[in-house]
Amino acid sequence: MKFAVTADLHLSSKEQHPERYSSLENILEQLLAHDIGRLVIAGDLFDKSFNNYSAFDELVSNPRYTALQIDVIPGNHDITLRQSSFVARNVTIIEEPQLLPLCDEIRLLALPYMLDKSMGEILETFSSDLTEPWILIGHGNYTRGINITNPYESEGYMPVTSVDIERYKPRRVFLGHIHAQSDTGRIHLIGSPCGMDITETGRRRFLVYDVVTDEVAKHTVDTDIIFMNESLTIYPVDDEVTFIETQIARTIKEWDLSDEELQKVRLRVKVRGVSSDKRLVAETIQKGFAAVKFYKDEEPDLTDVDDARSGDFLFLIESVKQKLEALDWQADEVNPTKDEIFAAALKAIYGNGK
Ligand SMILES: [Mn+2]
């Protein structure tokens with residue numbers, strides 16, 4: 001027995017964000033193709049700015065999908081969702097924390113988002129029922145171990161902690177809320193199935209869980225748009241054009257996208273460092289990424305590129321670069337990335353090269 005899980009679609013009006021509806025439709029189509037009968041949506045199906053659910057209702061009422069069971073767990077954006085708001089018969093709104101049977105004694109604890117509550121508090125109230133194996137699906141942060149923040153949400157509540165996990169021992173945990181996707185041990189941050197904005201980059205996914213084998217499979221969502229947000233570094237090497245072209249080629253290779261997917265890319269490029277010819281760098285980037293569209297037709301951002309004054313500091317730069325590469329360094333919200341450190345070093349070196 002398998003079910004699919006997604007989260008954070010943030011549906012708003014279809015006119016404003018048709019790509020979000022397309023993502024959902026693509027998931028439903030993939031469920032039909034894989035003969036999977038159930039989809040659990042782990043919160044924030046709708047954006048908080050939006051309270052007309054007709055387009056969703058209409059989509060899931062399509063005769064193609066009426067055999068699919070859709071369980072919606074409200075998140076912090078759609079905390080007020082009620083069963084009575086939907087006409088579609090295949091939609092169930094999980095208004096309260098609930099243990100749902102899956103198969104062979106395995107149960108699913110679905111936790112809608114609750115203001116000023118932690119998941120641990122709710123788990124406590126269910127503790128006598130949480131006999132293994134059981135699966136947790138909720139909407140909130142996982143704290144300790146995974147440290148990813150969601151820039152789309154300035155505030156993140158209803159955490160589940162590694163201590164809760166140790167205590168109640170769910171077999172798997174699927175969480176909505178953090179739009180980034182991550183799988184660490186039994187903790188799965190599902191991720192949004194469609195990039196909300198330029199910060200949510202790359203291919204998106206939904207998950208399929210096999211209740212019998214305990215396997216979690218990742219399925220790529222065929223989205224209308226694939227956001228990419230890249231940064232390049234420049235400094236006055238002999239041939240800045242080739243230097244940038246090499247970085248562009250590597251970047252596109254790392255995307256590992258098909259030609260069809262490349263058409264969907266909306267790209268933002270930020271350049272850091274020091275250049276002896278900014279205009280040439282900008283043109284090289286435009287040419288190098290000619291196969292894709294820039295996000296909102298933005299130009300590459302070279303505002304952080306300083307002008308190279310006289311002085312040959314390449315030996316110094318190479319030495320900084322090697323030292324940085326050898327450094328065991330973890331970037332996070334507080335600590336900059338190695339690229340950012342390197343850019344700061346370039347500024348320091350060239351800023352003094354009068
Ligand atoms: Mn949320």
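Whatever order the structure lists ligands and atoms in, that order sets their numbers, starting from 1.
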Heteroatom test (N, O or S) for Asn76 near the Mn ion (ligand 1), limit 2.8 Å: yes
Taking N, O or S atoms only and a limit of 2.8 Å, check whether His77 reaches the Mn ion (ligand 1). no
Once the angle between the rings of His179 and His10 is folded into 0 to 90°, is it parallel (under 30°), tilted (30 to 60°) or perpendicular (over 60°)? tilted
Here the vertex angle at the Mn ion (ligand 1) for NE2 of His139 and OD2 of Asp44, given to 10°, is 90°
Does some side-chain heavy atom of Phe243 sit less than 4.5 Å from a side-chain heavy atom of Thr284? no
With no hydrogens and no angle check, is any side-chain donor or acceptor of Glu200 less than 3.5 Å from a backbone partner on Met196? yes
Please name the atom of His177, restricted to N, O or S, that is closest to the Mn ion (ligand 1). ND1
Assess whether a salt bridge exists between Arg171 and Asp214, defined as any Lys/Arg side-chain N lying under 4.0 Å from an Asp/Glu carboxylate O. yes
